[in-house]
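Following: one structure in structure tokens, then a few remarks.
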Amino acid sequence: MAQTSMLAMILAGGRGSRLHDLTNKVAKPAVSYGGKYRIIDFPLSNCANSGVDIVGVLTQYESVLLNSYVAAGGRWGLDTKDSGVFVLTPREKADSGLDVYRGTADAISQNIDFVDAYDPEYILILSGDHIYKMNYDKMLTYHKEQGADATIAVRGVPMKEASRFGIMNTDGNGRIIEFEEKPAKPKSNLASMGIYIFTWKTLRKLLVEDMKNPNSDHDFGKDIIPVMLNDGKKLCAYEFSGYWKDVGTIDSLWEANMDLLDSDNELDLDDTSWKIYTEDSGITPQYIASTAKIDEAYINQGAAVGGTVQRSVIFTNCKIAPGAKVIDSVLMPGAIVEEGAVVTRALVAENVRIGKNAKVGEKKSEEILLVAKNVKGED
Amino acid sequence: MAQTSMLAMILAGGRGSRLHDLTNKVAKPAVSYGGKYRIIDFPLSNCANSGVDIVGVLTQYESVLLNSYVAAGGRWGLDTKDSGVFVLTPREKADSGLDVYRGTADAISQNIDFVDAYDPEYILILSGDHIYKMNYDKMLTYHKEQGADATIAVRGVPMKEASRFGIMNTDGNGRIIEFEEKPAKPKSNLASMGIYIFTWKTLRKLLVEDMKNPNSDHDFGKDIIPVMLNDGKKLCAYEFSGYWKDVGTIDSLWEANMDLLDSDNELDLDDTSWKIYTEDSGITPQYIASTAKIDEAYINQGAAVGGTVQRSVIFTNCKIAPGAKVIDSVLMPGAIVEEGAVVTRALVAENVRIGKNAKVGEKKSEEILLVAKNVKGED
Amino acid sequence: MANKAFGVINSAPNYIRVEGLHDYRPIGAFTFIGRFRVIDFPLSNMSNSGINRIHVYLNSRPRSLVEHIGSGRHYNINSKRGNLQLLFTQQNGANSIYNTDITAYMENLEQLERMPQDYVIVAPSYMVYKQDFQKLLDDHVEAGNDITLLYHKVDQAKEYYRACNVVELNKQKGVQSLTRNMGTAKDKNISMDTYVMSKDLFIALIKKAKRESSAYSFADIIALSCDTLDIRGYQHKGYFAAITSLDDFYRANMELLDYGTAMDFFKQDWPFYTHTTDACPTHYYPGAKVVNSLVCNAATIEGTVENSIIGRHVHIGKGAIIKNSIILSYSDISDGTYIENAVIDKWVKVKNVKKIVSESVTPAYIKRNDVL
Amino acid sequence: MANKAFGVINSAPNYIRVEGLHDYRPIGAFTFIGRFRVIDFPLSNMSNSGINRIHVYLNSRPRSLVEHIGSGRHYNINSKRGNLQLLFTQQNGANSIYNTDITAYMENLEQLERMPQDYVIVAPSYMVYKQDFQKLLDDHVEAGNDITLLYHKVDQAKEYYRACNVVELNKQKGVQSLTRNMGTAKDKNISMDTYVMSKDLFIALIKKAKRESSAYSFADIIALSCDTLDIRGYQHKGYFAAITSLDDFYRANMELLDYGTAMDFFKQDWPFYTHTTDACPTHYYPGAKVVNSLVCNAATIEGTVENSIIGRHVHIGKGAIIKNSIILSYSDISDGTYIENAVIDKWVKVKNVKKIVSESVTPAYIKRNDVL
């Protein structure tokens with residue numbers, strides 16, 4: 001195989017249990033977002049747009065849907081001769097049995113042979129559950145310019161929230177001098193985004209050692225980075241300032257969807273120079289009936305709206321019957337709201353049906369209601 | 001997803017330990033064959049040519065190469081909207097941990113959710129390590145005509161060898177009345193080829209029961225088929241008569257390659273109406289130098305021949321230096337035979353180099369020599 | 001799978017001209033309800049019918065169609081086993097009388113003769129309908145016809161379908177004649193320019209047409225063969241549109257604003273495939289008012305849209321009102337504009353003109369790339 | 001990645017005619033050493049240089065090229081981020097003086113103007129060479145040239161390269177003139193019809209050429225701009241072939257029978273991509289004798305082959321002797337035939353004729369599909 005400059009590995013193993021019933025049948029990275037996307041479309045499209053052609057997706061939990069979704073690398077144009085998206089699950093080897101990935105670093109360690117097959121100079125480690133647009137090629141240029149062993153993407157967080165994050169303390173030139181996980185008294189507001197570029201030769205050596213270490217959790221943040229700092233390796237912080245969202249909870253997933261209604265929204269999915277690619281089916285345009293009343297909305301093709309929609313995000317193939325109301329809500333693909341039903345401050349999961357005249361959600365509820373099962377109608 | 005009439009599952013988990021060092025780094029179905037192919041190209045191309053559009057490949061052992069090989073379904077044209085090749089490895093689920101496939105039937109049972117997602121009427125079970133061409137669509141037509149619950153492909157073997165196989169005893173109309181695994185006194189010569197079509201609903205029920213059975217080996221031949229016969233289900237034998245070879249040993253793999261030198265060879269890889277698709281790279285034609293002497297040979301593009309080749313199969317990118325001799329041998333991709341070296345009755349593994357003046361293999365050896373490591377030259 | 005037939009998709013005869021739109025692309029490349037191209041329909045019909053060897057004949061200005069069709073993967077055609085071939089003709093002066101389908105077939109006869117299938121299904125790239133060709137083929141073979149011809153019974157043959165052919169049938173559905181629609185009566189059987197026959201007969205008819213006259217079309221030679229061949233009509237039912245004039249194009253789009261008609265036409269078991277572009281969802285701003293319309297992705301709507309079709313990446317400004325119109329992709333309608341009964345081609349910017357209204361039945365047409 | 005430039009691949013000027021082969025396809029579609037098509041080389045050069053937006057201009061008989069290029073996936077061009085566009089011209093009478101590259105650019109100006117890149121790299125589809133365009137672009141930008149022109153120093157300009165242009169350079173590699181090669185001297189700098197410049201200058205020159213004369217080619221306007229623009233020559237080294245006559249085609253193929261030349265040209269770090277066909281390996285039967293030849297897959301060889309190129313699916317019968325010849329795909333040479341110094345086009349059957357030999361330097365040419 002041809003030599004690749006930088007190969008990406010997406011850590012997509014997360015069960016995402018804080019997303020409750022949304023991840024019962026799909027891994028978290030396959031959860032729907034933004035009218036037509038899945039979360040993992042973001043790192044994958046970023047890779048495609050940054051010219052990163054080989055992407056490994058590491059997963060072990062309920063991977064059938066995620067697997068068949070990402071295996072069709074053509075969605076992101078990653079299906080040419082020298083490109084591809086490869087799903088990497090734990091496997092039996094000549095010298096080892098089948099074993100789960102014990103941590104983020106172990107997931108890479110178990111696939112050293114895969115990485116070696118492409119002989120990359122650099123490796124990009126990504127997380128499968130963040131919504132953002134980022135040019136990894138620019139980050140690589142920075143990594144090279146700095147002559148770093150590792151470069152970690154960071155973003156500024158409000159100082160008062162900094163103690164909730166992994167904080168990087170840097171010298172004046174972007175070099176990381178200290179890493180503190182959830183520091184009580186943060187010295188900086190630069191939070192790690194869980195995006196790393198390593199020089200592969202350096203990382204490979206560390207991983208081999210880490211695998212043998214019985215006291216390691218085999219985690220990048222807890223084990224690999226501290227060891228590197230300890231060894232005096234050059235770690236640099238790459239500052240990112242753009243839309244970024246961890247959609248780990250129902251509330252944050254709802255919020256991230258609602259952000260799209262903001263016309264100044266930095267994510268700008270309409271920017272054709274940095275498209276987010278996804279499964280794009282040849283269905284009909286959205287049908288807006290004579291009875292429809294749309295206030296503010298973000299609606300995808302295939303949807304049919306006969307009722308009222310206010311400040312909501314409506315995914316592919318949703319149906320909102322005449323007389324139904326959807327307010328401050330997110331309707332995932334194929335959700336159906338029947339006549340007279342009212343959905344307020346809710347996130348309705350894929351293919352869920354809200355029956356006639358049913359009322360779900362509360363205008364004043366503090367948390368967003370997840371509706372993951374059909375709701376019976378009332379006559 | 002759209003309903004699929006018949007979905008195929010290829011059992012490709014085999015370690016193939018009788019192929020020794022050939023399968024150290026690749027699973028058996030990924031072993032090279034016939035100048036340019038890999039074994040698994042045969043069932044996959046048969047599927048593509050038979051109009052079977054969704055193929056699951058079940059694997060757990062060293063699947064990186066196999067995985068990235070089959071994941072690019074485009075090689076077999078299986079990358080349109082409703083088609084795809086999916087690698088299925090054991091995985092963690094909401095209600096169960098990570099566990100190896102315990103048998104051929106268990107491999108399917110662990111992926112019931114995958115099959116269900118396509119809602120097929122029939123399921124085709126294939127093995128990943130046989131060389132043959134077969135129209136599965138015709139077998140399906142037979143299955144439907146017979147109104148069978150299961151149809152098993154069989155082929156006639158010489159009666160005296162029948163006791164080495166799983167033998168199907170049928171009534172006059174193709175219905176299987178008895179199945180004997182390696183019978184001492186065979187009643188028929190119809191050996192199972194390990195190719196099954198099941199009506200999915202029927203099989204699904206049996207698999208669910210089989211999973212709960214603590215005494216089961218979870219194997220099609222040992223468990224599922226006997227239970228079906230016991231239950232009075234209709235099992236039919238579908239007779240196949242064409243080239244078929246199990247390439248489970250070094251000798252049989254060598255033989256299957258040598259068969260290609262026979263101009264009456266039934267496999268007929270040159271038949272453009274039933275192509276075997278494979279990774280086809282845009283390399284140069286084969287270069288035959290002024291010093292070359294080719295007697296009988298089957299040579300693939302990218303090879304460069306400067307020496308003597310007699311009755312041999314030469315794969316992609318092999319180099320045979322002037323003055324070298326290759327006799328009655330198989331040279332796998334990238335093998336290099338240097339000046340003065342002589343290779344006789346051997347199978348030289350991928351990228352192995354036979355040094356200057358080295359001699360490997362014996363004209364009269366009973367078994368074929370596998371050369372899996374570089375051989376040092378002599379000055 | 002209908003491996004017994006290959007498909008031929010033909011371009012429109014040289015006497016068909018759709019005002020405006022046709023200056024920029026062949027009819028097969030026309031946008032339909034904002035999202036599809038007209039050629040998606042015959043191609044999807046073939047793909048859904050299991051036909052995986054298809055010839056598409058391209059006439060003048062092939063770029064947009066070549067780009068749209070590409071390798072045909074999105075039409076679900078196996079790229080190894082199947083093949084979607086694009087065929088060209090040298091004789092492509094759009095108005096030349098020699099620019100007939102027969103000329104195109106003759107120039108590519110070698111390709112036609114090399115097809116391994118026994119039957120051919122010919123369908124036009126300028127009509128929109130749904131048809132299971134496998135069923136058509138099965139009926140054709142069973143009935144033992146020489147040629148099966150698809151037709152549609154219409155009751156507006158006076159106003160529409162003026163460039164189409166009319167089929168006269170006898171009691172046995174035998175085709176008695178095939179003649180140009182002169183608009184003499186409301187009720188007519190319109191030929192859908194869709195035929196099933198054996199490959200050998202197809203090639204024989206092409207050669208015969210060529211011998212008889214250099215200006216003959218395939219329909220002409222069919223018309224001349226009514227006496228000698230067993231040509232049988234097969235009635236098509238359901239939505240049918242022939243895109244043969246701006247009026248027809250407009251009406252064909254508007255008919256699908258009827259939810260019932262649309263739902264009957266677009267069914268999950270018979271998908272229509274198209275080339276997709278990863279456009280983001282559509283943003284409805286506060287103040288947007290949209291009713292009875294089909295809206296494509298990546299539009300931004302700040303104004304009012306009624307009984308209209310809005311294409312991809314279209315912007316409708318604040319206070320703008322769009323009524324009974326078709327706005328094609330990338331057009332930008334600025335604040336306060338009033339548009340009624342119009343077809344706005346791609347990449348148009350309506351900036352200074354504040355009103356575009358057609359008073360007649362025929363919609364107003366605004367040219368591609370125009371800035372008004 | 002060279003995202004700063006898009007690529008334009010141009011077809012051969014209308015005065016270039018390659019005897020025989022050219023009757024069936026454009027030069028870009030010619031088979032090269034039995035396995036590639038000529039256009040694979042410029043396309044691979046662009047792809048390997050990180051250029052992923054490419055315009056390919058197609059002239060007459062585009063079918064074979066459209067089929068070969070397809071969606072461009074096999075050229076390693078990301079299908080989402082990149083785009084390989086096929087562009088056509090209406091004015092495609094092969095011999096018309098109006099059939100120039102300028103006409104083709106003018107007809108597709110909208111597409112050109114829409115490209116987001118700042119630079120363009122123009123390369124011809126009728127030449128075979130290896131060139132890192134990224135390096136060329138970097139040099140161009142650093143040197144601050146208006147135009148960088150690739151040239152090759154040859155010593156056979158009397159016999160070959162007759163339809164090419166000759167470049168005169170000053171000491172600073174400034175292009176003094178660009179004139180047709182009249183075969184006046186052996187040693188010449190041949191223009192490789194390959195240019196780097198800004199997109200804006202490219203479009204300005206196209207428009208200027210159009211204004212000055214409807215028959216101007218892009219090379220003509222470059223020639224006229226030598227005085228006013230800073231046009232710098234960039235010397236190309238290594239294998240180079242201009243496929244501008246049957247002689248040139250034949251020689252270009254034969255040169256690669258030299259193992260050293262071939263190995264220097266075909267390197268792993270600069271792959272040439274092509275459309276592959278899943279042809280099985282080649283079968284050498286007992287009695288076959290093959291030396292100093294390039295042999296493609298799926299051939300069956302029972303006779304003798306010397307200093308020749310054997311295409312895919314070719315059959316060489318028992319006792320047949322092929323010397324110094326090029327046999328294209330699917331041709332069948334029956335037992336006992338003697339062929340020397342010939343180019344046999346595709347699908348030829350040599351059955352009754354027992355000897356095909358050209359006595360002159362120019363090889364004999366046997367037409368496609370001929371049965372002899």
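Residue numbers begin at 1 in each chain, while the letters A, B, ... track the order of the sequences.
- Contacts of D:Tyr365 classified as ring-ring contact (aromatic ring centres under 6.0 Å, His included), with partners at least two apart in sequence or in another chain: none.
- Under a cut-off of 6.0 angstrom, the local environment of NZ in D:Lys208 is crowded, with over 12 non-hydrogen atoms contributed by other residues, nucleotides or ligands.
- Of all residues spanning residues 273-280 of chain C, those with a heavy atom less than 4.5 Å away from chain D's heavy atoms are C:Asp278, arranged by number.
- Screening D:Arg368, D:Lys367, D:Arg61, D:Arg17 against D:Asp23 for a salt bridge (charged side-chain N to carboxylate O under 4.0 Å, His left out) leaves a single residue, D:Arg17.
- No side-chain donor-acceptor contact under 3.5 Å links C:Asn297 and C:His313.
- Applying the salt bridge (charged side-chain N to carboxylate O under 4.0 Å, His left out) test to C:Asp200 and every residue at least two apart in sequence or in another chain returns nothing.
- Under the ring-ring contact (aromatic ring centres under 6.0 Å, His included) criterion, D:His315 pairs with no residue, sequence neighbours left out.
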